[in-house]
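Beneath this line is the structure, given in structure tokens, with notes to follow.
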Amino acid sequence: YRNAVNPRPTTTTSEVIKPWRRTIYSTQVEVVTPTVIAGVTFSAKPAVTPDPLQPWVSLDKLGNPKTVKPEIKKGRTVRGTPDYSTYFQTLHVTTLTGDEIGAHNMDKDDILVEDVFEDEDKTYVSLNPIIRCTPQRYRNKGLAKDISSEPFCTPFENVEWKIDHTYFVTWYTKFFEDPETDKIAEKVRLHAFYVKEKAHEKGFKKR
Amino acid sequence: NLHGAFFSTEWVKNVDGLYPMEPTEEWLQDKYERRILIAIQPDYIEDEAFDPWANGILLHVIMGSRVFKNTKEQLALQDAGISDDTWYYVALTMPTMVVVACVAMYFFLHLNKTHRDIHDVRQFAVNQRRRVLGTFKTFNKYKKLKNRPYSELPTHSKKSSKQ
């Protein structure tokens, strides 16, 4: 004997994601309009009380989004928000003399060369819930799998995209550095080309 | 659009590091599958100087999920008029019938154990085994044999190495 379980009523929502405003760079007010692409909400209004276990969005090898919910197991956070190390920081090398530092174990004429990492401007980056591409997430490609997939993280090579599905192409933003000015490219665009395949690549073997 | 590209996006902010792409049926040009190269062009590279093969990624665009052909075994079964589940029913029926017959036989013997008398059969079989052949003297082979008293047979014991 088992109690009958009433099916949970399916609820639909007509909630429209509303624009919200924020103040950036201390004084500048701007209106942010959230957008939903392939089920992922971009530029969503942050919660009033920040949740340390806030779900984030990962991408599979095709570029399909999948939500990851962090958990606390044995006092440790499992599947937490990804850590980008210093990939999105800017390195500055500072040279300081002993006189400037005033260290007790340093002569006045000694020089200390110190690496200082400057954090990036997260004004707009923070609105993206999808995992960012870093060189750590590059995959190898080619027949011998010995060529890095840079600057792309997703999709992987030779995956199959179905039509009318949305896939996220991700790349490492700092890969595009102008060699003349040493500045990161502000804008990029993607192109798609047809590739002529050989018979054996199509699967038609010689009889 | 860039020369040779069948699809190009507008200029997007590089800081985002992602772009949602949705392949459409037009990309396939009436084919089931096309292999494409996706390349990314930064704003500091001119169209003429841009090489898509430098940092491109190859992938396939397909119409839908692949449906694989049947194997030779499946085709042979279909030719024999057996489709899918029928084969399993046939394979399971024979051992099931054997099991049912054994169970029925067991119950039949169990129920009739009191009405069964196989005494004659058993006694006859025992008698066959204990058949009386007659006395020793009646055998022609031993008629002339004198019944000598029993004498101990010689024994052969192992000799030690000293002997």
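Here is how names work: the chains are called A, B, and so on, in the same order as the sequence lines, proteins then strands, and each is numbered from 1.
In the displayed structure, A:H92 atom NE2 is contacted under 6.0 Å by more than 12 heavy atoms of other residues, nucleotides or ligands. With a 6.0 Å radius and a threshold of 12 heavy atoms from other residues, nucleotides or ligands, A:Y25 has its OH atom above the threshold. Counting heavy-atom neighbours within 6.0 Å of B:Y32 OH, excluding the residue itself, gives a total above 12. Atom CD of A:E180 has 12 or fewer neighbouring heavy atoms from other residues, nucleotides or ligands inside a 6.0 Å radius. Heavy atoms of other residues, nucleotides or ligands lying less than 6.0 angstrom from CZ of A:R76 number 12 at most.
The two residues A:N158 and B:R35 make their nearest non-hydrogen contact at OD1-NH2, 2.6 Å. Closest non-hydrogen pair, A:F193 versus B:G4, comes out as CD2-O, 3.4 Å. Considering every non-hydrogen atom in both B:L58 and A:V195, the closest pair reads CD2-CG2, 3.5 Å. Residue B:D43 comes nearest to A:E186 through the heavy atom pair OD2-N, 3.4 Å, listed as atom of the first residue, atom of the second, then distance.
Across A:E157, A:K174, A:K183, the residue that shares the most heavy-atom pairs under 4.5 angstrom with chain B is A:E157. Counting heavy-atom pairs closer than 4.5 Å to chain B, the top-ranked of the candidates A:F168, A:Y167, A:Y194 is A:Y194. For the set B:L37, B:I36, B:I45, the entry with the most heavy-atom pairs within less than 4.5 Å of chain A is B:L37.
Atom CD in B:E26 sits 10.0 Å away from atom CD1 in A:I163 (nearest 0.5 Å). The structure places NZ of A:K162 at 14.5 Å from NE2 of B:H60, a figure rounded to the nearest 0.5 Å. A:F152 contributes atom CZ, which lies 7.0 Å from atom CD1 of B:I57 (distance to the nearest 0.5 angstrom). Taking CG of A:L190 as the start and CG of B:L18 as the end, the distance is 10.5 Å to the nearest 0.5 Å. Atoms OH and CG, from A:Y172 and B:N14 in turn, are 11.0 Å apart once rounded to the nearest 0.5 Å.
Residues of residues 39-68 of chain A lying under 4.5 angstrom from chain B, judged on non-hydrogen atoms, are A:F42 in numerical order. Identified by a heavy-atom distance below 4.5 Å to chain B, the contributing residues of residues 130-148 of chain A are A:I130, A:R132, A:K141, in residue-number order.
Using bins of under 30°, 30° to 60° and over 60° for the plane-to-plane angle, the ring pair B:F50/A:H191 lands in the tilted bin.
Classification of B:D47 and A:R189 as a salt-bridged pair holds, one side-chain N sitting under 4.0 Å from a carboxylate O.
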Chi angles and distances behind the side chain to side chain contact (heavy atoms under 4.5 Å, CB included) call for A:W171, B:N55:
CA-CA 11 Å; A:W171 64 90; B:N55 300 109; over 6 Å; no

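Only the side chain of A:V125 comes within contact range of chain B, with heavy atoms under 4.5 Å apart. B:E10 touches chain A through its backbone: at least one of N, CA, C or O sits under 4.5 Å from a heavy atom, while the side chain does not.
With contacts defined as side-chain heavy-atom distances shorter than 4.5 Å, the pair A:F176/B:I40 qualifies. In this structure, B:L59 and A:W161 have side chains that are in contact, with non-hydrogen atoms separated by less than 4.5 Å.
Looking only at distances, no side-chain donor or acceptor of A:T166 sits under 3.5 Å from a matching main-chain atom of B:P20.
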